[in-house]
Amino acid sequence: MNYTLTSTPHPQDGPRIDYQSLLNAEQYAAVSAPPGPLLVIAGAGSGKTRTLTYRVAFLVEHGVAPEHILLLTFTNKAAKEMLRRVENLLPHDISRLWGGTFHHVGHRLIRRHAELLGLNRNFNILDREDAKDLVAACLAESTVDPKDKQFPKAEVLQDIYSFGANTERSVSEVLESHYPHLSEFAPQIGAIGSAYVKRKQRSGGVDYDDLLTLTVQLLKSHPDLLEFYQHQFQHILVDEYQDTNKIQADLVDLLAARQHQVMVVGDDAQSIYSWRGANFENIMSFPDRHPGTQIIRIETNYRSTPEILNLANVTISQNIRQFPKELRAVNKSGAKPALISLDDARQQAVFVAQRALELREEGTGLGDIAVLYRSHFHSMELQMELTRRNIPFQITSGLRFFEQAHVKDAAAYLKYALNANDEVSFKRLATMLPGVGGKTAHKAWEAVARGVPWDQVKVPAKAVKEWRQWGETHRQLLEKIKTDTPGRQLQHVLDAVYEDFLKVRYPNYNNRLEDLHQLIQFADGFKETSEFLAQLSLMTNMETEQGLGAPDAGHEALKLSSIHQAKGLEWKAVFVIMLCDGLFPSNRAVETTAGEEEERRLFYVAVTRAQEELYLLYPQIRSNANYGETWQKPSRFLSDFPRDLCNVWTIKTEKPWGEY
């Protein structure tokens with residue numbers, strides 16, 4: 001059976017769509033391309049969704065039945081939006097079209113053929129919390145000593161297994177590349193993973209990753225079924241192809257292997273998610289895996305000014321591995337991007353806050369302004385400055401810096417050392433010990449409050465070692481509060497107990513450790529521990545009272561976001577902060593050429609979020625807990641473009657930081 005694109009239009013009552021008048025030449029070339037493998041490189045702001053939508057409509061109008069079309073996206077929202085647009089374009093019923101996320105389509109196939117996988121058709125899907133509980137049960141039944149505080153917790157194990165499933169790597173490979181500090185436990189982690197798989201099978205359930213792995217297993221194990229779906233899906237369309245991981249690309253290749261009528265749309269210059277398993281090689285090697293691939297570039301940008309795109313084009317051209325492209329602006333000319341050098345992170349925060357208010361006065365609402373950063377801790381000083389000025393802001397990349405669990409944990413050690421009556425901090429720290437829950441923590445608190453010596457307080461056997469270690473750390477902190485800065489006290493907590501806790505508790509251990517190093521540097525700016533802790537409490541209380549974390553629909557708020565979270569979004573004015581080598585790009589990333597090029601793609605994504613105004617900021621000095629104030633090198637990405645592409649600003653702070 002061979003499905004081809006025909007020239008005979010699908011029977012219809014309404015007029016044909018005038019594609020050429022509704023699309024630009026590049027979009028039309030992609031939409032009307034003949035059957036065969038097609039790689040559409042859709043640059044930032046070029047109308048990617050419009051192209052995919054009209055491609056689906058074009059296929060239906062030219063004789064392809066909806067049930068023979070498979071549209072794969074990364075969010076259900078994206079799939080629904082595209083299908084809604086197609087329905088508005090056509091008089092046909094397209095309900096039989098297969099559209100949705102990779103996991104949605106995988107679930108549909110597995111549910112149809114569950115018995116071939118040894119599953120009941122009414123199988124349950126474990127959510128992340130359910131899966132973690134099942135991994136925890138396997139861990140509890142393993143040979144791992146429950147008193148071994150170095151062994152990773154269930155949440156970390158689950159992340160290891162998930163990453164391995166999506167990248168098709170073994171446990172050992174995942175540990176070597178992403179969790180080297182856990183490599184010694186590879187045999188035990190692998191054994192627990194095997195037990196987890198068997199336990200899922202006994203329970204008749206599947207987890208989220210199984211929706212992909214079992215789908216590929218199903219198709220590979222049953223050639224007749226694979227052939228059926230290769231005929232079923234006459235045309236396969238994939239959105240955001242640069243973000244696919246190994247198993248997602250394998251699924252597409254399997255289904256497209258017979259007819260190669262597959263259109264993938266993406267932008268290699270916006271491939272920025274390798275840390276969560278996305279494989280840059282998928283888009284780069286697509287023409288090799290599908291011989292005869294036609295490559296179409298969509299480079300007309302409807303978002304940004306020519307000045308912003310000029311800088312973006314020059315920047316991304318520095319990457320060696322890419323499909324070369326040059327975005328062209330439709331919008332009229334505007335201001336050049338501003339390159340701004342500041343004294344330090346505090347002055348940077350003052351400038352952003354002040355300029356945001358000026359922009360608001362000039363007619364750009366706070367909701368149309370974004371501050372983007374490489375890592376969450378880069379925004380710490382800015383969050384404080386915005387709070388001081390009562391400027392509403394909303395964080396789209398997670399909790400506010402001072403609300404994060406690991407920041408509150410570290411502060412709790414100092415709070416309890418400073419105030420022996422702080423029951424809340426004591427219980428927070430106590431429940432971090434193995435086997436200690438709320439009731440046990442309360443009993444321990446009552447004992448300590450009565451004056452029972454620390455080594456005589458009853459705690460679970462598996463927590464005895466950690467309890468004593470905490471006691472010793474607490475005793476040392478009581479002395480350090482008299483002599484050391486708050487930053488040195490926090491460093492002691494990290495070295496003595498908390499870094500080990502981070503390693504086994506959190507999958508993103510390195511990111512949280514960076515946050516705490518930044519907190520230490522900030523804390524060293526205070527002479528008294530009480531002053532430092534008061535500042536943290538003041539920040540949290542002010543945020544809670546003003547409700548800045550969740551403004552309602554009518555509440556204007558400045559947007560703060562990591563660049564990873566900002567992909568796909570746009571604002572009239574964008575500030576990119578902390579553009580210092582070692583921060584952006586990060587030190588770890590530039591250890592390899594591939595890592596540095598992904599960081600440059602991340603910078604490119606940040607730049608192309610801006611519609612009208614772009615501000616690139618870098619502080620010259622950074623406080624360091626061990627070395628005091630150190631000079632910072634501007635990000636290497638700021639050397640990628642000639643200075644005549646931007647306006648260089650010189651900033652002088654009118655008031656010291658503390659006077660605001």
Side-chain angles (χ1 to χ4, degrees), residues 44-45 48-49 73-78 81 101 128 159 162-163 166 239-240 242-245 266-267 269-278 280 303-304 312 352 356 366-383 386 392-407 506-508 510-512 514-515 518 543 548-551 556-579 583-586 588-589 598-611 614-617 635 637:
K48 170 180 61 66
T49 300
T73 65
F74 273 83
T75 66
N76 284 315
K77 180 181 178 182
E81 174 62 17
T101 65
R128 185 164 181 81
D159 200 67
S162 178
F163 193 88
N166 285 286
D239 188 20
E240 301 284 11
Q242 79 282 345
D243 293 335
T244 54
N245 57 38
D267 184 4
Q270 297 187 69
S271 178
I272 58 174
Y273 296 118
S274 66
W275 53 275
R276 69 183 189 195
F280 179 66
R303 175 185 299 156
S304 306
V352 172
L366 289 179
D368 291 322
I369 305 171
V371 183
L372 306 182
Y373 37 81
R374 172 64 179 82
S375 298
H376 197 33
F377 71 80
H378 294 173
S379 69
M380 183 178 69
E381 289 88 355
L382 178 60
Q383 290 184 44
L386 294 173
F393 65 98
Q394 190 173 33
I395 295 182
T396 60
S397 53
L399 291 172
R400 292 166 183 265
F401 184 87
F402 298 104
E403 293 173 348
Q404 298 176 107
H406 52 293
V407 172
Y506 296 114
N508 58 345
N510 284 315
N511 291 339
R512 291 177 188 260
E514 282 185 352
D515 285 347
Q518 186 72 8
E543 290 169 358
L548 299 182
E556 188 184 34
L558 184 70
K559 302 298 187 293
L560 273 60
S561 176
S562 70
I563 303 167
H564 288 102
Q565 290 284 338
K567 184 174 169 290
L569 303 176
E570 58 187 51
W571 294 271
K572 288 183 179 179
V574 168
F575 296 82
V576 186
I577 63 174
M578 283 295 184
L579 282 164
L583 296 178
F584 189 7
S586 71
R588 289 200 308 273
E598 179 163 341
E599 291 285 289
R600 184 173 283 107
R601 294 194 295 270
L602 189 63
F603 178 67
Y604 174 82
V605 167
V607 167
T608 55
R609 298 312 92 196
Q611 297 172 321
L614 174 66
Y615 301 86
L616 307 174
L617 297 88
S635 170
F637 303 147

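The chain is numbered in sequence order, starting from 1.
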Strictly distance-based, threshold 3.5 Å: is any side-chain N or O of S375 a donor or acceptor partner for the main-chain N or O of F377? no

Using distance alone, with no hydrogens and no angle criterion, decide if S379 and Q383 have a side-chain donor and acceptor under 3.5 Å apart. yes

From L583 CG over to E514 CD, what is the distance, rounded to the nearest 0.5 angstrom? 8.5 Å

As a quick check of understanding, evaluate side-chain hydrogen bond (donor to acceptor under 3.5 Å, both in side chains) for E240 and Q242, giving each step before the final call. CA-CA 5 Å; E240 301 284 11; Q242 79 282 345; 2.7 Å; yes

Quick one: CD1 on I563 to NE2 on H378, what's the gap to the nearest 0.5 Å? 9.5 Å

Would you sort out whether R609 and E570 count as a salt bridge (charged side-chain N to carboxylate O under 4.0 Å, His left out), showing the intermediate values? CA-CA 5 Å; R609 298 312 92 196; E570 58 187 51; over 6 Å; no

Taking the side chain as every heavy atom from C-beta outward, state whether D239 and F74 have any pair of such atoms under 4.5 Å apart. no

Among residues at least two apart in sequence or on other chains, which ones pass side-chain hydrogen bond (donor to acceptor under 3.5 Å, both in side chains) with E599? R374

For D267 and K48, what are the C-alpha separation, side-chain angles and deciding distance, and is it a salt bridge (charged side-chain N to carboxylate O under 4.0 Å, His left out)? CA-CA 10 Å; D267 184 4; K48 170 180 61 66; over 6 Å; no

Who passes side-chain hydrogen bond (donor to acceptor under 3.5 Å, both in side chains) against H564, sequence neighbours left out? W275

Using distance alone, with no hydrogens and no angle criterion, decide if D515 and H376 have a side-chain donor and acceptor under 3.5 Å apart. no

With a 4.5 Å cut-off on side-chain heavy atoms, are K559 and F393 touching? no

Should the pair R601 and Y604 be classed as cation-pi, given the thresholds of under 6.0 Å to the six-membered ring centre and 45° from the axis? no

Check whether Y506 forms a cation-pi arrangement with R512 (NZ or CZ under 6.0 Å from the six-membered ring centre, at most 45° off the ring normal). yes

Tightest non-hydrogen contact, residues L366 and A356, listed as CD2-O, 4.0 Å

If you measure from CZ on R276 to OG on S162, what distance do you get to the nearest 0.5 Å? 11.5 Å

Taking all heavy atoms of A278 and all of D243, pick out the closest pair and write down the distance. CB-O, 3.5 Å

Between CD1 on residue I272 and CD on residue Q270, distance to nearest 0.5 Å: 7.5 Å

For the student: nearest non-hydrogen atoms of E556 and P392, plus distance: O-CG, 3.1 Å

Contact summary for T73 and T75, nearest pair of heavy atoms: OG1-O, 2.9 Å

For residues S561 and Q565, report the shortest heavy-atom separation together with the two atoms involved. OG-CB, 3.5 Å

Where the side chain of S635 meets the backbone of F584, is there a donor-acceptor pair that is under 3.5 Å apart? yes

4.5 Å side-chain heavy-atom contact, L617 and L579: no

Taking the side chain as everything from C-beta on, heavy atoms only, tell me whether Y273 gets closer than 4.5 Å to E598. no

Any donor-acceptor pair under 3.5 Å linking the side chain of Q611 with the backbone of K572? yes

Y373 versus I395, closest heavy-atom pair with distance: OH-CG2, 4.1 Å

Assess the residue pair I577 and L372 against the criterion (side chain to side chain contact (heavy atoms under 4.5 Å, CB included)); give the C-alpha distance rounded to whole Å, side-chain angles, the decisive distance to 0.1 Å, and a yes or no. CA-CA 6 Å; I577 63 174; L372 306 182; over 6 Å; no

Distance, nearest 0.5 Å, that separates CG of L560 from CD1 of I369: 11.0 Å

